[in-house]
Amino acid sequence: MSEYSSPPGRTAGASEQLSLDAIADAEPYPYWLESAEVPESNPTLVRDEHCDLCIVGGGYTGLWTAITAKERDPERDVVVIDKGEVGGAASGRNGGFMESSLTHGVGNGMDRHADEIDILEELGLRNLNEIEAAIERYGIDCDYERNGVIDVATTSHPPSYLDGLREEHDLLRSLDQKVEWLDCEQMRAEVDSPTYTGGLFRTSRAALVDPAKLAWELKRVAEELGVRIYEHTKATDIDKDGSGVAIRTPLGTVRCSKAVLGTNADKPLLKRIRQYMVPVYDYCMVTEPLSDEQLGRIGWARRQGLSDITNQFHYYRLTADNRILWGGYDAIYYWGSNVSIEQESRPETWATLSRHFFETFPQLDDITFTHAWGGAIDTSTRFSVFFGTAMSDRVAYAVGYTGLGVAATRFAATTMLDLLAGRKSIATKTDFVQSKPLPFPPEPFRFIGIQATRWSLDHEDKTGKRNTWLRTLDRLGLGFDS
Ligand SMILES: Cc1cc2nc3c(=O)[nH]c(=O)nc-3n(C[C@H](O)[C@H](O)[C@H](O)COP(=O)(O)OP(=O)(O)OC[C@H]3O[C@@H](n4cnc5c(N)ncnc54)[C@H](O)[C@@H]3O)c2cc1C
């Protein structure tokens with residue numbers, strides 16, 4: 001099999017320079033967050049607060065929890081606190097792929113939750129449909145497009161990956177899902193890259209959104225429903241307080257009956273969660289807007305989201321103004337589960353991404369990138385969100401989305417509210433909600449293990465061979481993904 005290669009007619013050195021020149025002027029900042037519609041920031045909490053439900057984290061998890069809590073009981077007094085600004089973390093800077101899968105893809109779902117995959121796929125689809133209904137109901141302006149996604153195989157993949165994609169196609173058909181198999185020619189008729197060898201078009205279970213607009217609009221809806229939101233208010237400690245919970249922040253304490261933690265890749269407030277989640281950095285970039293003529297060179301009339309099928313995969317899509325967002329591939333873990341703003345910038349990853357972009361679309365060699373950024377995702381060893389309660393069911397948490405949380409966060413919100421209310425639902429009865437992933441080992445084994453796994457995944461992407469280390473992890477049910 002071939003590794004990525006230089007486009008015909010250009011030397012490797014010239015290709016390398018072209019891809020570097022293309023990122024030279026890129027703003028190291030999330031494209032989505034630069035919009036003119038950035039909302040005013042909210043006050044910091046500077047006195048003690050009392051409420052029925054306090055939510056820590058103003059990303060999609062926290063905002064959907066706040067909105068759903070108010071929808072279920074408009075009298076419920078709900079407060080959200082965020083250490084930064086709403087949408088400033090993963091929810092405002094992601095790729096905007098809103099997929100129905102709760103299990104990071106049906107293949108991973110089958111591997112880990114085969115007995116209930118039908119139910120999880122059904123709950124996932126229902127969740128996506130309910131998000132779509134909420135977008136309509138509240139007039140949420142987030143450039144929502146339900147165009148489906150294509151998983152694409154390329155000449156840089158081992159041939160066995162194409163066979164694996166066909167198997168996934170058959171599996172999805174057996175689950176009665178709407179999918180189309182695209183051979184090389186049909187794939188290139190959808191989106192034209194000389195590297196494509198085939199694709200699996202999942203037509204109905206995925207949408208695209210502008211992620212930051214979605215976060216900001218959810219903030220608007222939550223406030224219209226009466227939720228109080230404090231920004232630049234970091235929860236530093238959580239503890240039982242009489243029959244409720246006290247959440248301490250630098251300048252005030254929130255006393256509440258129940259609390260929800262939706263803090264994603266940041267250091268969890270509850271120690272018990274720390275072993276199950278590691279923060280991993282994912283990077284992406286957007287091009288300048290393509291002219292009609294430039295877009296015509298690649299087609300893409302149906303505007304699907306695209307993702308290739310290697311362990312280290314790229315995801316890419318069009319924005320509302322016809323830029324290409326191109327991200328993924330590297331998934332970087334920093335020693336000690338470190339999360340910091342410096343790690344949002346990684347020029348060497350942007351250079352790799354740029355090279356891969358021009359290898360995929362050599363006909364777009366007159367395009368440059370305007371923005372490049374990164375963000376932390378909360379990886380779990382099962383690649384999907386896990387749940388729990390603490391402090392005698394007064395606190396619920398959901399983390400571990402592993403890079404597929406744009407839709408799953410709403411499912412997590414409704415599930416956490418069910419858990420806090422002691423309400424038995426189809427979701428809370430599943431093993432998926434009741435079980436935990438296997439823990440990550442402590443440092444230094446954590447760092448060494450993740451590096452060994454990344455090396456092995458890269459090796460498999462190049463050779464098609466799964467080595468002993470990966471097979472051992474498979475047997476243990478451990479994994480690493482983004
Ligand atoms: C580059 C990138 C691309 C991605 N692409 C996709 C994609 O295309 N599709 C997809 O499904 N998923 C994608 N994801 C993942 C997706 O963005 C997340 O799963 C989702 O946004 C998680 O939402 P959240 O609310 O749980 O977390 P976040 O949006 O991270 O929100 C958590 C909030 O908690 C706050 N917080 C943390 N600790 C505290 C504290 N102690 N006190 C107060 N506040 C605190 C943070 O400030 C933050 O605002 C991507 C992620 C990244 C980084």
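Computed from a predicted model, the values in this text were never measured in an experiment. One is the number of the first residue; the rest follow in order along the sequence. Counting starts at 1 for both ligands and their atoms, following the listed order.
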For the pair [X] (side chain) and [Y] (backbone), establish whether a donor and an acceptor sit closer than 3.5 Å, ignoring hydrogens and angles.
{"X": "K234", "Y": "G84", "value": "no"}
{"X": "R382", "Y": "F432", "value": "yes"}
{"X": "E344", "Y": "W373", "value": "no"}
{"X": "H356", "Y": "L353", "value": "no"}
{"X": "S354", "Y": "W350", "value": "no"}
{"X": "R205", "Y": "E121", "value": "yes"}
{"X": "S100", "Y": "L125", "value": "no"}
{"X": "W32", "Y": "N94", "value": "yes"}

Would [X] count as a polar contact of ligand 1, with the cut-off being nitrogen or oxygen pairs under 3.5 Å?
{"X": "Y60", "answer": "yes"}
{"X": "V406", "answer": "yes"}
{"X": "F97", "answer": "yes"}
{"X": "N94", "answer": "yes"}
{"X": "Y401", "answer": "no"}

Any idea which atoms of ligand 1 are less than 4.0 Å away from a heavy-atom of [X]?
{"X": "T409", "value": "22 (C), 23 (O)"}
{"X": "D282", "value": "1 (C), 2 (C), 3 (C)"}
{"X": "G262", "value": "32 (C), 33 (C), 34 (O)"}
{"X": "G375", "value": "53 (C)"}
{"X": "G95", "value": "3 (C), 4 (C), 5 (N), 6 (C), 7 (C), 8 (O)"}
{"X": "T233", "value": "43 (C)"}
{"X": "A89", "value": "30 (O), 48 (C), 49 (O)"}
{"X": "G405", "value": "10 (C), 11 (O), 12 (N), 19 (O)"}

Q: May I ask you to test the Y230-V254 pair for a side-chain heavy-atom distance under 4.5 Å?
A: no
Q. Does the side chain of F97 come within less than 4.5 Å of V406's, by heavy atoms?
A. no
(Q) Which residues pass the side chain to side chain contact (heavy atoms under 4.5 Å, CB included) test with Y29, not counting sequence neighbours? (A) E27, L33, E34
May I have the list of side-chain donor-acceptor pairs in residues 394-401 shorter than 3.5 Å, sequence neighbours left out?
from, atom 1, to, atom 2, distance (Å)
R394, NH1, G242, O, 3.1
R394, NH1, G244, O, 2.8
Y401, OH, T61, OG1, 2.8

Contact partition for [X] relative to ligand 1, non-hydrogen atoms under 4.0 Å:
{"X": "W373", "result": "neither"}
{"X": "P211", "result": "neither"}
{"X": "T61", "result": "both"}
{"X": "T263", "result": "both"}

Considering non-hydrogen atoms of the protein only, which is the closest contact for [atom], and what is the distance?
{"atom": "atom 37 (C) of ligand 1", "result": "D266 OD2, 3.3 Å"}
{"atom": "atom 31 (O) of ligand 1", "result": "G59 CA, 3.5 Å"}
{"atom": "atom 43 (C) of ligand 1", "result": "K83 N, 3.2 Å"}
{"atom": "atom 12 (N) of ligand 1", "result": "G403 O, 3.0 Å"}
{"atom": "atom 52 (C) of ligand 1", "result": "I377 CG2, 3.6 Å"}
{"atom": "atom 29 (O) of ligand 1", "result": "S91 OG, 2.5 Å"}

With a cutoff of 4.0 Å, is [X] in contact with ligand 1, counting heavy atoms of the residue only?
{"X": "G327", "answer": "no"}
{"X": "K234", "answer": "yes"}
{"X": "G88", "answer": "no"}

Q: Going by the side-chain contact (heavy atoms from CB on, under 4.5 Å) test, name the single residue among I377, N338, V339, D330 that passes it with Y281.
A: V339
Q) Per the side-chain contact (heavy atoms from CB on, under 4.5 Å) rule, which among V79, I81, L63 passes with I229? A) L63
Q: Using a strict cut-off of less than 4.0 Å between a Lys/Arg side-chain nitrogen and an Asp/Glu carboxylate oxygen, indicate whether E217 and R220 qualify as a salt bridge.
A: yes
Q. Ion pair present between D418 and R72, side-chain N to carboxylate O less than 4.0 angstrom?
A. yes
Considering only heavy atoms, which of [options] lies nearest to [atom]?
{"atom": "atom 41 (N) of ligand 1", "options": "A376, A235, G84", "value": "A235"}
{"atom": "atom 33 (C) of ligand 1", "options": "D82, I81, N264", "value": "D82"}
{"atom": "atom 34 (O) of ligand 1", "options": "G57, P30, A412", "value": "G57"}

Q.
Taking ring-ring contact (aromatic ring centres under 6.0 Å, His included) as the criterion, tell me which of Y329, F357, W326 meets it with Y316.
A. W326
